[in-house]
> 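Sharing a structure, written as structure tokens. Questions coming.
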Amino acid sequence: SEMAIRIVLVLMAMASWFAYIVDVEGAFLAGRFKNGERIFMEAPEGYRKYYPSLFLLQLQRALHGLAQAAMAFFREAAKALKLAGFHRNDADPCLYYAWERGKLTAAMLWAGGMLLAGPKEAALEAKRKILQVFGCKDAGEMAGYAGCAAERGKGWLKVAQPAGLRKIEDEFNPKQHCSKGRMPATPAEPGKILSQGEQGEEQPKEGHKAYQSGCGLLLHIIRWARQEALNAARELTGHMRKPATKHMKAMYRCMNYLLSTPERGYFIKPSRAWDGTDEFKFKLMGKSDSEYLTDPDCKSVNGWSI
């Protein structure tokens with residue numbers, strides 16, 4: 001989950017952990033079906049001439065596109081991590097850990113890859129074991145995760161979304177919608193709430209699709225790297241069913257704000273270092289925000305980050 005990944009990133013910064021990525025080759029093809037489950041499919045196009053018209057093929061392994069594929073891969077990956085000496089975390093099934101000579105090593109599963117983080121020797125040993133028991137490709141030290149780019153220094157770590165910003169520029173070209181060519185200094189207009197559109201202002205059907213696609217892309221970028229624009233994106237998603245011209249304008253504003261500040265990202269800089277042992281006492285810090293009076297429907301919105 002997002003929370004587990006963030007916790008591992010914080011631990012990496014505090015303990016100066018080394019982190020390595022392994023990609024599972026054909027991840028969603030690696031799983032097998034369970035409990036006698038049987039799945040059939042038509043012969044793929046190009047092979048149908050070799051089979052009778054009503055002939056079906058029974059799958060022996062999972063395929064991309066199957067609802068069962070991700071779970072089947074997870075079961076295989078869990079077996080590999082167990083053989084490598086890792087234990088599953090009780091709070092997050094995709095987070096695994098191991099204690100070696102009093103020091104912690106963490107393993108994180110996502111999509112078709114794994115992140116192995118810990119003291120250098122322990123992380124390298126974990127990677128060696130995983131490569132032995134599972135069909136993986138060594139992708140080297142972590143340069144990014146979940147579509148993000150990661151930059152590291154002594155005691156800090158920064159996560160950005162350059163690929164997402166390029167996608168915004170390529171697919172939406174929001175700069176052409178800038179008022180007088182000036183890029184906005186904030187993701188949304190200060191002090192205003194994005195209200196419903198008036199009758200007759202609704203976008204045509206193709207505009208609906210563009211708006212929904214744009215909001216989805218914004219949510220992904222903001223969720224992983226640009227939390228300061230989260231409330232602006234939340235307001236945009238409240239108008240997915242009937243976006244009006246002003247909602248499109250607000251979406252382009254948020255996009256242009258992100259494009260004008262590409263150097264920003266999710267910055268992690270803990271106030272203390274950690275030696276990696278289990279006797280260390282962590283200090284949790286949090287921020288909260290709320291909004292009530294400016295909403296015309298008097299709906300309270302709360303947000304917090306720990």
Side-chain angles (χ1 to χ4, degrees), residues 1-24 92 94-95 97 103-124 126-127 130 136-170 174 183 185-187 217-230 232-233 254-276 282-287 305-306:
S1 73
E2 177 187 355
M3 183 59 68
I5 291 176
R6 291 188 189 280
I7 290 172
V8 171
L9 294 178
V10 171
L11 297 182
M12 284 170 54
M14 291 186 72
S16 298
W17 274 357
F18 283 78
Y20 300 95
I21 300 288
V22 293
D23 286 326
V24 181
D92 191 309
C94 291
L95 176 61
Y97 66 93
K103 296 292 183 74
L104 179 67
T105 304
M108 191 82 217
L109 279 173
W110 74 76
M114 296 184 198
L115 167 69
L116 302 169
K120 187 172 185 178
E121 289 184 10
L124 283 171
K127 182 173 70 168
I130 291 294
C136 299
K137 182 177 70 175
D138 186 353
E141 284 197 55
M142 186 187 83
Y145 77 98
C148 300
E151 182 183 349
R152 297 188 66 182
K154 188 172 177 58
W156 61 269
L157 191 147
K158 177 184 170 185
V159 175
Q161 267 274 359
L165 295 182
R166 284 195 298 271
K167 191 170 182 181
I168 280 180
E169 205 159 17
D170 294 342
M183 297 295 267
T186 57
L217 184 53
L218 282 174
L219 283 174
H220 178 75
I221 294 171
I222 290 167
R223 174 191 178 194
W224 290 107
R226 300 296 300 271
Q227 282 77 17
E228 82 273 18
L230 189 58
C254 189
M255 287 178 169
N256 280 319
Y257 164 76
L258 296 178
L259 289 175
S260 68
T261 51
E263 75 287 349
R264 295 185 183 176
Y266 182 61
F267 191 70
I268 300 170
K269 190 177 182 181
S271 58
R272 296 187 299 159
W274 176 43
D275 62 1
F282 291 87
K283 293 180 180 179
L284 300 183
M285 300 174 66
K287 294 180 180 180
S305 177
I306 303 297

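The analysis underlying the following values was restricted to heavy atoms, covering all of them including side chains, and did not include hydrogens, waters or symmetry mates. Not measured: the values here are computed from a predicted model. Along the sequence shown, residues are numbered consecutively beginning with 1.
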> Could you pull out all residues at least two apart from Ala149 that satisfy side-chain contact (heavy atoms from CB on, under 4.5 Å)?
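Once residues adjacent in sequence are excluded, the partners of Ala149 under the side-chain contact (heavy atoms from CB on, under 4.5 Å) criterion are Pro162.
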> Can you tell me how far the CG atom of Leu9 sits from the CG atom of Leu157, to the nearest 0.5 Å?
5.5 Å
> Just so I know, are the side chains of Ile7 and Met108 near enough to count as touching, which here means a heavy-atom distance under 4.5 Å?
no
> Let me see the working for Leu218 and Leu258 under side chain to side chain contact (heavy atoms under 4.5 Å, CB included), right down to the final yes or no.
CA-CA 9 Å; Leu218 282 174; Leu258 296 178; 3.5 Å; yes
> With sequence neighbours left out, write down each residue that passes salt bridge (Lys or Arg N to Asp or Glu O under 4.0 Å) with Glu141, or none if nothing qualifies.
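Checked Glu141 against salt bridge (Lys or Arg N to Asp or Glu O under 4.0 Å); zero matches.
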> Grab the two heavy atoms, one from Pro119 and one from Leu104, that are nearest each other, plus how far apart they are.
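That closest heavy-atom pairing would be CD-O, 3.2 Å.
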> Which pairs, with at least one residue in residues 151-163 and sequence neighbours excluded, count as a side-chain hydrogen bond (donor to acceptor under 3.5 Å, both in side chains)?
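For residues 151-163: Gln161-His220.
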> Output the distance between atom NZ (Lys103) and atom CG (Asp275), rounded to the nearest 0.5 Å.
6.0 Å
> I need the Ile222 CD1 to Gln227 CD distance, nearest 0.5 Å.
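It comes to 9.0 Å.
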> I'd like to check the side-chain hydrogen bond (donor to acceptor under 3.5 Å, both in side chains) partners of Thr186; sequence neighbours left out, ordered by chain and number.
Arg253
> Any chance you could lay out the side chain to side chain contact (heavy atoms under 4.5 Å, CB included) test for Ile130 and Lys127, step after step, and finish with the verdict?
CA-CA 5 Å; Ile130 291 294; Lys127 182 173 70 168; 5.8 Å; no
> OG1/Thr261 to CD/Glu228 distance, rounded to the nearest 0.5 angstrom?
6.0 Å
> Who pairs with Asp23 by side-chain hydrogen bond (donor to acceptor under 3.5 Å, both in side chains), at least two apart in sequence or on another chain?
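Asp23: no side-chain hydrogen bond (donor to acceptor under 3.5 Å, both in side chains) contacts found.
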> About how many Å separate CD1 of Ile21 and CG of Leu116, when rounded to the nearest 0.5 Å?
8.0 Å
> Kindly give the heavy-atom pair with the smallest separation between Val159 and Cys148, and that separation in Å.
CG1-CB, 3.5 Å
> Once ring pair (Phe, Tyr, Trp, His ring centres under 6.0 Å) is applied, do any residues pair with Phe282, and if so which ones, sequence neighbours excluded?
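Partners of Phe282 under the ring pair (Phe, Tyr, Trp, His ring centres under 6.0 Å) test: Trp274, Phe280.
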> For Leu259, give me all partners under side-chain contact (heavy atoms from CB on, under 4.5 Å), at least two apart in sequence or on another chain.
Leu165, Ile168, Glu169, Pro174, Lys175, Met183, Asn256
> Would you give the length of the straight line joining atom CG of Leu109 to atom CG of Leu115, rounded to the nearest 0.5 angstrom?
10.0 Å
> Just jot down the side-chain hydrogen bond (donor to acceptor under 3.5 Å, both in side chains) partners of Arg6, sequence neighbours excluded, or say none.
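By the side-chain hydrogen bond (donor to acceptor under 3.5 Å, both in side chains) rule, Arg6 matches Glu2.
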> With sequence neighbours left out, what residues match Ala232 under side-chain contact (heavy atoms from CB on, under 4.5 Å)?
Pro187, Ala188, Cys254
> List the atom pairs, with distances to 0.1 Å, where a side-chain N or O of residues 13-20 and a protein N or O form a donor-acceptor pair under 3.5 Å, not counting sequence neighbours.
none

> Could you work out, with side-chain contact (heavy atoms from CB on, under 4.5 Å) as the rule, every residue matching Glu121, not counting sequence neighbours?
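Partners of Glu121 by the side-chain contact (heavy atoms from CB on, under 4.5 Å) criterion, ordered by chain and then number, come out as Arg101.
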